[in-house]
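In what follows, a single structure is set out as structure tokens and then discussed.
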Amino acid sequence: MEYDESNNGSIPLLLIHGFLLDRTSWTAQLRGIKARTIAPDLCGFGKSPMLSPAVTIDTYAEDMRVVLDELNIKNAVIAGLSMGGYITLAFYRKYPQYVRALILANTRAGPDSAEGKKGRDENVALVKAKGVPALAEKLMPKMLTPKTTRERPEIAKSVGSMLSRQPVVGTIPALLAMRDRPDAMPALAQISVPTLIITGSEDILLPPQEAELMRDGLRGAKLVVIPGAAHLSNIDQPDAFNQAVNDFLKTIS
Ligand code: MLT
């Protein structure tokens, strides 16, 4: 699997990207977070190949463990945004011994509703009929705030091209994996490592109420709501995102 790595600190931090994104979505974090940061491309996204036609949220988590094993990292902070958060929760369930702390960004623990599952199937049909760029165009208005899109067009352009360039071969299995993921809500009470939850006040894809539900189910979790950030809070407001992570890392080092 392809990954980027930074060497700005000693704590290993694994960053798991969201759906239709790749490791380049973490560029500002590789620069600004004081950790040894590893940002892989999930299989079928970015430059990582799709090794099997069927994936689940659990198989993505297994891939992440392989990355850590290859780097001989036995204990790390595991962080994921959105679909990356689903994978982070699966990672903790499967490999708690590897986890020093968790960061759950713009994500949720609950499963897809019946309507949500129907939406996944519609998105699969859209990709089959019109390709990934059509899905990218549909999702784009939810990724960044209108203000960011208007005032920082270069960011909107780079996110738009990241979404559009992801391979069909990774996109469709990921939609099915998200559709079929289990409910991670009951397992929140079992989490015994320090946990930071981050979201954006303007996230309309997974609204802040989802973050509050996770905080309420997870003993001792800290919630940071970044003002003026939408779904991709790490790209929309990178300084505030990095600050939240760096403050959290200080508390666990
Ligand atoms: C993501 O950003 O990873 C996905 O949009 C999350 C989802 O659709 O549930």
Side-chain angles (χ1 to χ4, degrees), residues 14-26 29 39-46 48 55-61 63-64 78-91 103-127 132-145 148 155-156 158-160 162-167 170-185 197-200 202-211 213-214 226 229-237 241:
L14 180 73
L15 295 177
I16 310 176
H17 66 74
F19 174 68
L20 224 46
L21 300 170
D22 59 35
R23 67 189 195 276
T24 65
S25 62
W26 296 116
Q29 283 63 53
D41 280 336
L42 291 169
C43 70
F45 291 100
S48 287
V55 292
T56 63
I57 294 299
D58 275 28
T59 62
Y60 288 124
D63 293 342
M64 296 298 96
I78 312 293
L81 182 131
S82 200
M83 183 177 87
Y86 309 156
I87 299 167
T88 299
L89 289 169
F91 187 99
I103 302 176
L104 300 165
N106 300 80
T107 192
R108 69 174 161 201
D112 276 7
S113 61
E115 194 193 337
K117 287 181 195 288
K118 199 165 147 257
R120 301 291 186 200
D121 293 337
E122 284 163 9
N123 287 343
V124 169
L126 177 65
V127 172
V132 175
L135 179 58
E137 203 179 314
K138 180 177 169 187
L139 295 181
M140 192 57 202
K142 296 183 175 165
M143 294 290 139
L144 302 166
T145 57
T148 299
I155 293 182
S158 124
V159 170
M162 196 187 317
L163 300 179
S164 311
R165 71 172 177 248
Q166 300 308 320
T171 300
I172 292 178
L175 284 165
L176 301 177
M178 288 194 287
R179 181 194 66 186
D180 297 336
R181 75 185 190 283
D183 185 1
M185 209 63 189
I197 300 169
I198 304 178
T199 193
E202 314 294 314
D203 189 344
I204 51 170
L205 205 156
L206 295 178
Q209 292 88 313
E210 296 285 356
L213 276 177
M214 284 195 296
I226 301 178
H231 189 57
L232 303 185
S233 62
N234 66 313
I235 297 179
D236 216 327
Q237 301 294 334
F241 188 98

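Please read these numbers as outputs of a predicted model, since none were measured by experiment. As the structure lists them, so they are numbered: ligands from 1, and atoms in each ligand from 1.
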Could you go through Arg108 and Tyr86, starting from their C-alpha distance and side-chain angles, then the distance that decides it, and tell me whether this counts as side-chain contact (heavy atoms from CB on, under 4.5 Å)? CA-CA 7 Å; Arg108 69 174 161 201; Tyr86 309 156; 3.8 Å; yes
SB check Asp22 Arg165 (cutoff 4.0 Å) |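 A salt bridge is present here (some side-chain N lies under 4.0 Å from a carboxylate O).
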- Query: In terms of heavy-atom contacts, does NZ of Lys138 have more than 12 from other residues, nucleotides or ligands at under 6.0 Å?
  - Reply: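 Above 12, so yes.
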The ring pair (Phe, Tyr, Trp, His ring centres under 6.0 Å) partners of Phe45 (sequence neighbours excluded) come to His17
For ligand 1, protein residues within the heavy-atom limit of under 4.0 Å are Gly18, Phe19, Ser82, Met83, Tyr86, Arg120, Met178, Leu205, His231
* Asked: Any luck finding a side-chain donor-acceptor pair between His231 and Asp203 under 3.5 Å?
  -> yes
Worksheet item: Do Phe241 and Ile235 have side chains that get closer than 4.5 Å, going by heavy atoms?
Response: no
